[in-house]
Amino acid sequence: MSSNDSYYIPSKAVWPVVVVAGTTFMLAGLANLINGLGGGKLLLYPGILLLVVGLTAWFRDQSVESETGRFNHQVGNSYRLGMVWFIFSEVMFFAAFFGTLFYTRYLAVPWLAGDGAGPGLFSYEYLWGAVESAKDYTAAWPSNGPGRVGGEFEKMAALGLPLVNTFILLSSGFTINKAHHALLADHRKPLKLWMAATIVLGISFLVLQGIEYHHAYTEMGLTLGAGIYGSTFFLLTGFHGLHVTLGTFMLCMILLRIYRGHFSPENHFAFEGVAWYWHFVDVVWLLLFVLVYWM
Amino acid sequence: MVSVTNPIDDHEHHHGPAKGWMRWIVTTNHKDIGTLYLVFALAMLFVGGMFALTIRAELFRPGLQLVDPEFFNSLTTMHALIMVFGAVMPAFVGFANWMIPMMIGAPDMALPRMNNMSFWVLVFAGLLLLSTFFMEGGAPAAGWTLYPPLSIQGAHNIPFVVFSVHLLGISSIMGSINIIVTILNMRAPGMTLMKMPLFVWTWLITAFLLISVLPVFAAAVTMLLTDAHFGTSFFNAAGGGDPVLYQHLFWFFGHPEVYIIVLPSFGLVSTIVPTFSRKHLFGYSSMVYATGSIAFLSMIVWAHHQFTVGMPLAGELFFMYATLLIAVPTGVKVFNWIATMWQGSITLETPMLFSVGFIFLFTLGGFTGLMVAMAPADLQYHDSYFVVAHFHYTLVVGGTFPVFAATYYWLPKWTGHMYDENLAKLHFWLSFIGFNLTFMPQHFLGLAGMPRRIPDYAIQFADFNMMSSIGAFILGLSQLIFVYNIIKTIRSGDPVSDEVWEGAENMGLEWNLPSPPPYHTFQTPPDAYLIDKVTATEVTMR
């Protein structure tokens with residue numbers, strides 16, 4: 001809470017509204033495509049273009065202001081606090097999907113199979129007792145429900161690619177930490193190497209996840225439509241994969257800025273923010289590995 | 001007087017507003033953005049209000065006369081979505097933008113560019129939502145809760161509703177991050193946490209609630225979209241999912257949401273009642289703790305909205321008792337407001353009228369809340385007009401009366417002009433009478449068995465429905481007085497002093513600023529002795 005004198009307040013912000021317009025056009029176009037209206041492309045592509053232009057210009061302005069020393073200590077604190085609360089909102093987003101997994105696996109599926117008093121007794125007896133496909137339905141996990149939605153499928157095993165991916169992401173948490181220490185010590189060359197290593201690990205993770213998805217769809221019968229197991233599996237791992245994609249992209253931007261000579265041991269909020277985000281993605285993966293793949 | 005303007009210091013970021021209409025699009029100023037939020041909220045109040053009046057016109061007498069039943073369902077759905085996300089929440093963000101920097105002695109909000117973005121996202125999300133009226137299958141008609149399976153049978157509106165909820169969520173989360181960061185990082189030296197005005201405290205806690213629950217709502221509607229269009233089975237029992245799961249996810253958001261609406265209005269009332277009682281707020285620290293307790297409890301009571309859906313007995317009991325506990329911190333607040341007024345030199349200017357009206361009517365809404373919180377009794381009340389009456393007593397009173405109070409309270413400070421007190425009092429009395437005439441009969445309609453969300457009703461409900469509709473038109477049309485009064489104040493109101501209200505300069509930093517305050521309020525932090533003067537928080541009853 002130092003003096004307010006030098007708190008940086010930009011005079012005008014042109015790019016936020018461009019980003020907003022781009023996002024809205026993109027989503028409206030996407031909504032039309034989902035509804036089967038091909039004309040949605042006419043909104044989708046310009047929307048993406050506006051979004052990319054807006055974000056690029058906005059972040060460029062920010063980095064120029066940061067490198068020219070407009071941000072004092074208090075501004076840096078605002079950014080850090082903002083990033084912490086943004087990550088908290090992401091935690092709650094994933095919590096909703098983990099909650100869904102817990103509820104369906106330990107409550108809904110057993111009830112549907114007739115386990116437990118109350119809801120369980122009635123659900124099976126009155127809803128599914130007379131349905132042919134639901135005969136001998138048990139509460140075993142994985143499940144695609146008493147309707148056997150999506151047909152036969154296999155559970156994704158924890159050993160194999162998911163285990164490899166766990167090692168990859170854990171290592172990337174280590175490498176980005178090494179990069180941070182190099183930055184704090186102002187050792188630019190190791191900084192670049194450790195950052196590059198983190199990016200390579202991030203991309204490897206995504207490639208392996210792509211192979212895993214391909215395998216699931218083509219050989220295991222495991223798709224988005226494979227009942228509640230397929231639904232929870234793909235939405236949990238898919239949203240995590242999207243976050244890794246975004247994180248990898250952000251790491252690339254940071255490496256680009258490092259090559260341009262940005263960041264000093266004292267002033268490197270963008271690096272820290274991305275590193276926190278990367279660690280968050282790492283922790284989510286550990287939970288996924290235990291709760292989705294392993295248990 | 002605090003020294004607030006510093007014209008010599010000519011940094012490039014010490015500037016006035018941009019010229020012309022572009023000022024409002026590119027602005028990063030907390031006052032401009034606050035004004036944008038408030039104007040948008042007022043516009044949406046009339047859009048949502050027109051939906052409500054169409055509903056009440058249809059229900060004026062039994063039988064179907066004005067609208068199709070499908071369109072009626074769209075109207076009830078969109079009325080709620082527009083009022084909650086378009087009118088009430090943005091109004092409180094507008095006040096947060098205007099007042100928080102002035103109340104804590106900051107130059108502006110902490111993240112000005114994001115502030116601009118969070119407003120414009122809101123506008124585009126609103127347009128996306130309203131556009132569904134013009135598509136095949138019409139606007140969403142499953143109720144604002146969007147329960148599956150009904151909601152995912154909504155033809156073309158599903159992806160638009162889902163994406164607009166995502167955008168509304170982004171807007172609120174960005175706004176909340178900005179508010180939390182501003183409060184934690186931008187307070188003037190000497191403005192410790194336990195000296196902050198209660199409006200700032202309630203917003204700090206509200207913002208925490210918003211960041212906690214909106215992502216869950218976003219996730220829930222995402223699952224609606226994948227269930228409708230990408231073959232998932234989250235809410236489909238045949239595939240092992242459960243439609244009740246959606247209700248849990250929705251109300252994990254939806255119940256804290258009602259406190260998101262009402263906590264800032266608690267803050268506004270806690271700010272206004274002391275000024276017109278000429279005493280500092282009674283029990284300041286207990287108010288802070290009560291706010292925190294309400295927020296905590298609000299996150300563990302959600303399934304009381306689902307008593308009739310089928311839940312293990314232990315669940316029903318837990319959610320019933322946890323809900324009843326909320327009466328304790330809410331009671332603390334109501335008694336503290338009464339103790340603040342006790343032996344005060346009370347005058348009843350319009351802000352005070354709306355505040356006292358709020359305390360009285362909100363308490364009635366709280367009592368019916370206790371009734372519907374009882375699991376066995378709720379089996380009778382559920383989905384009846386009793387519930388409609390209950391939540392309008394809390395949400396309409398909680399969402400608009402303090403907003404009107406605060407507008408009359410600070411409008412003279414913002415514009416430098418006094419509003420027309422007679423017109424304002426007329427606005428209050430017409431709103432108060434219209435509101436009670438609309439919603440009081442609905443209690444009895446519900447107890448007599450009239451179900452909600454139905455465009456037609458049995459003949460024995462006719463008289464009370466007619467009363468309710470007449471009340472609704474009085475309530476709706478009297479808001480035009482409010483708009484006229486604001487315009488008149490800005491154009492030709494009498495000039496006011498810096499203090500505006502008698503003794504107000506001891507009640508908050510903002511009353512020590514010029515009327516209207518300069519574009520950038522605190523270039524240098526206000527004096528610590530002034531902060532001490534306006535934040536004398538420990539007051540006992542005489």
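In what follows, every chain begins at residue 1, and chains take the letters A, B, ... in the order their sequences are listed.
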For this session: Report the option among Ala220(B), Ser212(B), Gly231(B) that has the most heavy-atom pairs separated by less than 4.5 Å from atoms of chain A.
Result: Ser212(B)
For this session: Rounded to the nearest 0.5 Å, what's the gap from CG on Leu128(B) to CZ on Phe25(A)? Could you check?
Result: 10.5 Å
Exercise. Side-chain contact, heavy-atom cut-off 4.5 Å: Asn185(B) with Gln74(A)?
Worked result: yes
Problem set entry | Among Phe86(A), Phe93(A), Trp15(A), residue most engaged with chain B (heavy-atom pairs, under 4.5 Å) | Phe93(A)
Problem set entry | Heavy-atom check, side chain of Arg113(B) versus side chain of Gln62(A), under 4.5 Å | yes
Exercise. Given that the side chain runs from C-beta out, which part of Thr226(B) has a heavy atom under 4.5 Å from chain A: side chain, backbone, both or neither?
Worked result: side chain
Exercise. Are Val17(A) and Val26(B) close enough that some pair of their side-chain heavy atoms sits under 4.5 Å apart?
Worked result: no
Problem set entry | Note, Phe160(B) side chain near Asn32(A) side chain (heavy atom, < 4.5 Å) | yes
Exercise. Any idea how Phe208(B) and Phe88(A) line up, ring-wise: parallel (<30°), tilted (30 to 60°), or perpendicular (>60°)?
Worked result: parallel
Exercise. If we only count heavy atoms from C-beta on, is the Val244(B) to Tyr103(A) side-chain gap below 4.5 Å?
Worked result: yes
Exercise. By a 4.5 Å heavy-atom criterion (distance strictly below it), what part of His156(B) contacts chain A: side chain, backbone, both, or neither?
Worked result: both
Exercise. By a 4.5 Å heavy-atom criterion (distance strictly below it), what part of Ser176(B) contacts chain A: side chain, backbone, both, or neither?
Worked result: neither
Exercise. Quick one: what part of His166(B) sits under 4.5 Å from any heavy atom of chain A, side chain, backbone, both or neither?
Worked result: neither
Exercise. Which atom pair, heavy atoms only, marks the closest approach of Ala108(A) to Asp242(B)?
Worked result: CB-CB, 3.9 Å
Exercise. Hey, is the main chain of Pro10(A) close enough, under 3.5 Å, to the side chain of Thr28(B) for a donor-acceptor pair?
Worked result: yes
Seminar exercise, completed: So CG of Leu210(B) and CH2 of Trp85(A): to nearest 0.5 Å the spacing works out to 11.5 Å
Exercise. Step by step, would you call Ile211(B) with Met92(A) a side-chain contact (heavy atoms from CB on, under 4.5 Å)?
Worked result: CA-CA 8 Å; Ile211(B) 300 178; Met92(A) 292 309 293; over 6 Å; no
Exercise. More than 12 non-hydrogen atoms from neighbouring residues, nucleotides or ligands closer than 6.0 Å to CZ on Phe59(A), yes or no?
Worked result: no
For this session: Please round to the nearest 0.5 Å and tell me the distance separating atom CZ of Phe234(B) and atom CG of Leu101(A).
Result: 9.5 Å
Problem set entry | Region of Leu225(B) that comes under 4.5 Å of a non-hydrogen atom in chain A | side chain
Exercise. Would you say the side chain of Trp111(A) lies within less than 4.5 Å of the side chain of Pro312(B), judging by non-hydrogen atoms?
Worked result: yes
For this session: Kindly give the heavy-atom pair with the smallest separation between Trp58(A) and Met114(B), and that separation in Å.
Result: CZ2-N, 4.3 Å
Exercise. Is the number of heavy atoms from other residues, nucleotides or ligands within 6.0 Å of NZ (Lys155(A)) greater than 12?
Worked result: yes
Problem set entry | Under 4.5 Å from a heavy atom of chain A, the part of Leu167(B) involved | side chain
Exercise. Do the side chain of Thr104(A) and the main chain of Gly241(B) share a donor and acceptor less than 3.5 angstrom apart?
Worked result: no
For this session: Can you tell which part of Phe252(B) gets under 4.5 Å to a heavy atom of chain A, answering side chain, backbone, both or neither?
Result: side chain
Problem set entry | Smallest separation among heavy atoms of Leu27(A) and Phe163(B), with atom names | O-CD1, 3.4 Å
Exercise. Considering all heavy atoms of both residues, which atom of Val181(B) and which atom of Gly82(A) are nearest to each other, and what is their separation?
Worked result: CG2-N, 3.6 Å
Problem set entry | Interatomic distance, Ile9(A) atom CD1 to His30(B) atom NE2 [nearest 0.5 angstrom] | 8.0 Å
For this session: Specify which of Thr23(A), Val19(A), Thr232(A) makes the most heavy-atom pairs with chain B at under 4.5 Å.
Result: Thr232(A)
For this session: Below 4.5 Å from any heavy atom of chain A, which atoms of Ile180(B) appear? Answer side chain, backbone, both or neither.
Result: side chain
Problem set entry | Contact origin within Val14(A) toward chain B - heavy atom pairs under 4.5 Å | both
Problem set entry | Heavy-atom pair of closest approach, residues Ile34(A) and Pro159(B) | CG2-CG, 4.1 Å
Exercise. In terms of heavy-atom proximity below 4.5 Å to chain A, should Ile25(B) be classed as side chain, backbone, both, or neither?
Worked result: both
Exercise. When only pairs under 4.5 Å are counted, which of Ala237(B), Ala218(B), Ala228(B) shares the most heavy-atom pairs with chain A?
Worked result: Ala237(B)
Problem set entry | Donor-acceptor contact below 3.5 Å, side chain Tyr7(A) vs main chain Ala110(B) | yes
Exercise. Can you say whether Ala95(A) sits under 4.5 Å from chain B via the side chain, the backbone, both, or neither, judging by heavy atoms?
Worked result: neither
Exercise. Is there side-chain contact between Asn35(A) and His229(B), with at least one heavy-atom pair below 4.5 Å?
Worked result: yes
Exercise. Between CG of Asp227(B) and OG of Ser231(A), what distance do you get to the nearest 0.5 Å?
Worked result: 6.5 Å
Problem set entry | Interface residue of largest heavy-atom contact number with chain B, from Leu30(A), Val75(A), Leu107(A), under 4.5 Å | Leu30(A)
Exercise. Is it the backbone or the side chain of Leu235(A) that comes under 4.5 Å from a heavy atom of chain B, or both, or neither?
Worked result: side chain
Exercise. For the candidates Ile228(A), Val149(A), Asn77(A), Leu81(A), which exhibits the highest count of non-hydrogen atom pairs separated by less than 4.5 Å from chain B?
Worked result: Ile228(A)
Exercise. What pair of heavy atoms forms the shortest contact from Gly240(B) to Val109(A), and how long is it?
Worked result: O-CG2, 3.6 Å
